[in-house]
Asker: 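Sharing a structure here in structure tokens format.
Chain naming here is simple, since letters A, B, ... match the order of the sequence lines and numbering starts at 1 in each. Quantities reported herein were computed from a predicted structural model and do not represent experimental measurements.
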Number of protein chains: 2
Amino acid sequence: MSAAEETGGEDTPWSEVTPEAARRLLVAAVEAFAERGYHATTTRDIAGRAGMSPAALYIHYKTKEELLHRISRIGHDRALRLLEAAASGDGTAADRLADAVRSFVRWHAERHTTARVVQYELEALGDEHRAEIVGLRRKTDAVVRGIISEGVRAGEFEVPDVPGTTLAVLSLCIDVARWFNAQGSRTPDEVGALYADLVLRMVGAQR
Amino acid sequence: MSAAEETGGEDTPWSEVTPEAARRLLVAAVEAFAERGYHATTTRDIAGRAGMSPAALYIHYKTKEELLHRISRIGHDRALRLLEAAASGDGTAADRLADAVRSFVRWHAERHTTARVVQYELEALGDEHRAEIVGLRRKTDAVVRGIISEGVRAGEFEVPDVPGTTLAVLSLCIDVARWFNAQGSRTPDEVGALYADLVLRMVGAQR
DNA sequence: CCCGAACCTGAGCAAGCGCTTAGAGGCGTC
DNA sequence: GACGCCTCTAAGCGCTTGCTCAGGTTCGGG
């Protein structure tokens, strides 16, 4: 089992959120935001799903936007750590790229509810919060570009446009959150394997 | 110039919408929906951008949702026609696939404002309208899967999972609408060329 | 010159929004 | 057993929302 897979299994997704009532509200918000979108979700809906009155929300969070920020922050952190774990593993660049894509995609499929909010509700954030998240996304981009660059330098990959290919690889992986359906015929593992193979083809790795 | 490129140039994007006031409202709605999202856009904002009073909107459209449906319908029609033009061209499967991706991606980049609404605001549609649009998307999927299947049958491509690869190719192309920025360093043509190359790699075409 | 149809506006309604406030209840501490 | 602290609720405030409607303007045809 690779380094990425060891840290990929996430048993208690929101364990960093305390107290328990705050976590219940946050989980309810993730569900609601993923289903309807941030703007179409009401604070009454979130509180209702958590079994509380609307006012209870404001004991744990200053605004509805703070809820989105917390979700986005934690999700981006986790996704970034998955990529960094894979990138820092040993093995060829192809191994590490496949590892990174596999665990990144698996996370986006398995936790597609969270991922949808994290990846597609960015524009609802306030200016400072959005800037913070954009910083995390740049780090994500740098990790993937790093692996691809190393593969090119080592002669493993054949990539004419490294930044463009990096963008495409990440775009492909992220969009899994949009279309993935838990009732569909593919498991997160299957999608991860398929995508790892496709990405190795994209960078011209000899497979 | 290929068949796809001939029909790809779209001079008067919303010429099918009449009268002129209805078109102005629709263009304003596209801009607003793309910037803020459907739910965060108010009818007052749309009417304001079109230089009219809020009430004027309801002379031309029954509801705000009807505006979104019209936009989505026209956009999906146009994207589907681009793909069908490329698919029905002559040339190898690789030629046609590259052609399809090139024009599809170029449309998503060039008209990324429209494409963003068309591709990412689907869930704001009412049930019957959404069902209609989902039908168009299935057609889109079938066109791409058709080209890839033909390439496999002709021995041009080497694809273990045709439906999965089709899904990935379309996902990759569609997501251009999300990240493409007109002020960025890449032109729609450049992105189209890059993506056509990447997709040929994904299907294992000998290039 | 007037009519009717098409188009548009100003004013506003009912409903729903994010968020606040006053106060009730539980709980460990002294 | 009175205390302060934390958590939560009932009620509701001020505002915005999608949408409506009575009435005004414009204009081609008779």
Side-chain angles (χ1 to χ4, degrees), chain A residues 14-72 117 121-130, chain B residues 14-72 117 121-130:
Chain A
W14 303 108
S15 53
E16 58 264 71
V17 182
T18 52
E20 196 250 349
R23 179 165 52 241
R24 251 169 45 226
L25 283 164
L26 191 132
V27 169
V30 169
E31 283 174 19
F33 291 164
E35 272 177 33
R36 314 205 206 300
Y38 175 80
H39 287 292
T41 299
T42 70
T43 54
R44 285 162 175 79
D45 183 20
I46 297 170
R49 287 176 192 244
M52 295 182 194
S53 82
L57 198 153
Y58 293 90
I59 293 159
H60 301 282
Y61 302 95
K62 276 217 305 277
T63 63
K64 174 180 153 186
E65 192 264 357
E66 191 193 316
L67 255 173
L68 178 61
H69 173 241
R70 285 275 257 273
I71 293 166
S72 199
V117 178
E121 299 289 345
L122 200 72
E123 301 198 352
L125 286 170
D127 287 342
E128 308 102 51
H129 285 165
R130 183 168 48 242
Chain B
W14 303 107
S15 53
E16 57 263 72
V17 183
T18 52
E20 196 250 351
R23 179 164 51 238
R24 252 171 41 229
L25 284 164
L26 190 133
V27 169
V30 169
E31 283 175 19
F33 291 163
E35 273 178 34
R36 311 204 207 303
Y38 174 81
H39 288 293
T41 300
T42 68
T43 55
R44 284 162 176 79
D45 182 19
I46 297 170
R49 286 177 194 242
M52 297 180 193
S53 83
L57 198 152
Y58 293 89
I59 293 157
H60 300 283
Y61 302 96
K62 273 215 307 276
T63 62
K64 178 180 152 188
E65 192 263 358
E66 190 191 319
L67 256 172
L68 177 62
H69 173 241
R70 285 276 257 272
I71 293 166
S72 199
V117 178
E121 301 289 346
L122 199 72
E123 301 197 353
L125 287 171
D127 286 342
E128 307 102 52
H129 285 164
R130 185 170 45 245

Asker: So does A/Ser53 get a side-chain nitrogen or oxygen closer than 4.0 Å to the phosphate oxygens (OP1/OP2) of D/dA10?
Answerer: no
Asker: Using atom OH of B/Tyr38 as one end and atom P of D/dT17 as the other, report the distance to the nearest whole Å.
Answerer: 14 Å
Asker: Got A/Arg70 and A/Leu26 here, is their nearest side-chain heavy-atom distance under 4.5 Å?
Answerer: yes
Asker: Strictly distance-based, threshold 3.5 Å: is any side-chain N or O of B/Arg24 a donor or acceptor partner for the main-chain N or O of B/Ala50?
Answerer: yes
Asker: Atom CG of B/Leu57 and atom C1' of C/dC7: how far apart are they, to the nearest Å?
Answerer: 14 Å
Asker: Rounding to a whole Å, what distance do you find between B/Arg24:CZ and C/dC7:P?
Answerer: 13 Å
Asker: Under 4.0 Å between a side-chain N/O of A/His60 and OP1 or OP2 of D/dC8, yes or no?
Answerer: yes
Asker: Among D/dC8, C/dC7, D/dA10, which is the nearest nucleotide to the side chain of A/Ala55?
Answerer: D/dA10
Asker: B/Ile46 has an atom CD1; how far is it from atom P of D/dC19, in whole Å?
Answerer: 10 Å
Asker: Go through B/Arg130 and B/Glu123 one step at a time and tell me if the salt bridge (charged side-chain N to carboxylate O under 4.0 Å, His left out) criterion holds.
Answerer: CA-CA 7 Å; B/Arg130 185 170 45 245; B/Glu123 301 197 353; over 6 Å; no
Asker: Do the numbers put A/Lys64 on top of the ring of A/Phe33, so that NZ or CZ is under 6.0 Å from the six-membered ring centre and no more than 45° off the axis?
Answerer: no
Asker: For B/Ser72 and B/Leu68, indicate whether the former's side chain and the latter's backbone hold a donor-acceptor pair under 3.5 Å.
Answerer: no
Asker: Once you round it to whole Å, what is the distance between C1' of D/dC19 and CG of B/Asp45?
Answerer: 16 Å
Asker: Which nucleotide in the set D/dC8, C/dC19, D/dC19 lies at the smallest distance from any side-chain heavy atom of A/Ile59?
Answerer: D/dC8
Asker: Whether B/Tyr58 contacts D/dC19 is assessed here as follows: a side-chain N or O lying under 4.0 Å from the phosphate OP1 or OP2. Is that the case?
Answerer: yes
Asker: For the side chain of B/Met52, starting at C-beta, report the closest nucleotide among C/dG18, D/dT20, C/dT9.
Answerer: C/dT9
Asker: With a 3.5 Å cut-off and heavy atoms only, can you find an N or O donor on one side and an acceptor on the other between the side chain of A/Arg44 and the base of C/dG16?
Answerer: no
Asker: D/dT7 C1' sits how many Å from A/Arg23 CZ, rounded?
Answerer: 16 Å
Asker: Output the rounded distance in Å from CD (A/Glu20) to P (D/dC6).
Answerer: 19 Å
Asker: Assign A/Thr42 to base, sugar-phosphate, or nothing according to its heavy-atom contacts below 4.0 angstrom with the strands shown.
Answerer: sugar-phosphate
Asker: Given atom NZ of B/Lys64 and atom P of D/dG18, what is their separation to the nearest angstrom?
Answerer: 4 Å
Asker: Just compare C/dC8, D/dC19, D/dT7 and give me whichever is closest to any side-chain atom of B/Ala56.
Answerer: C/dC8
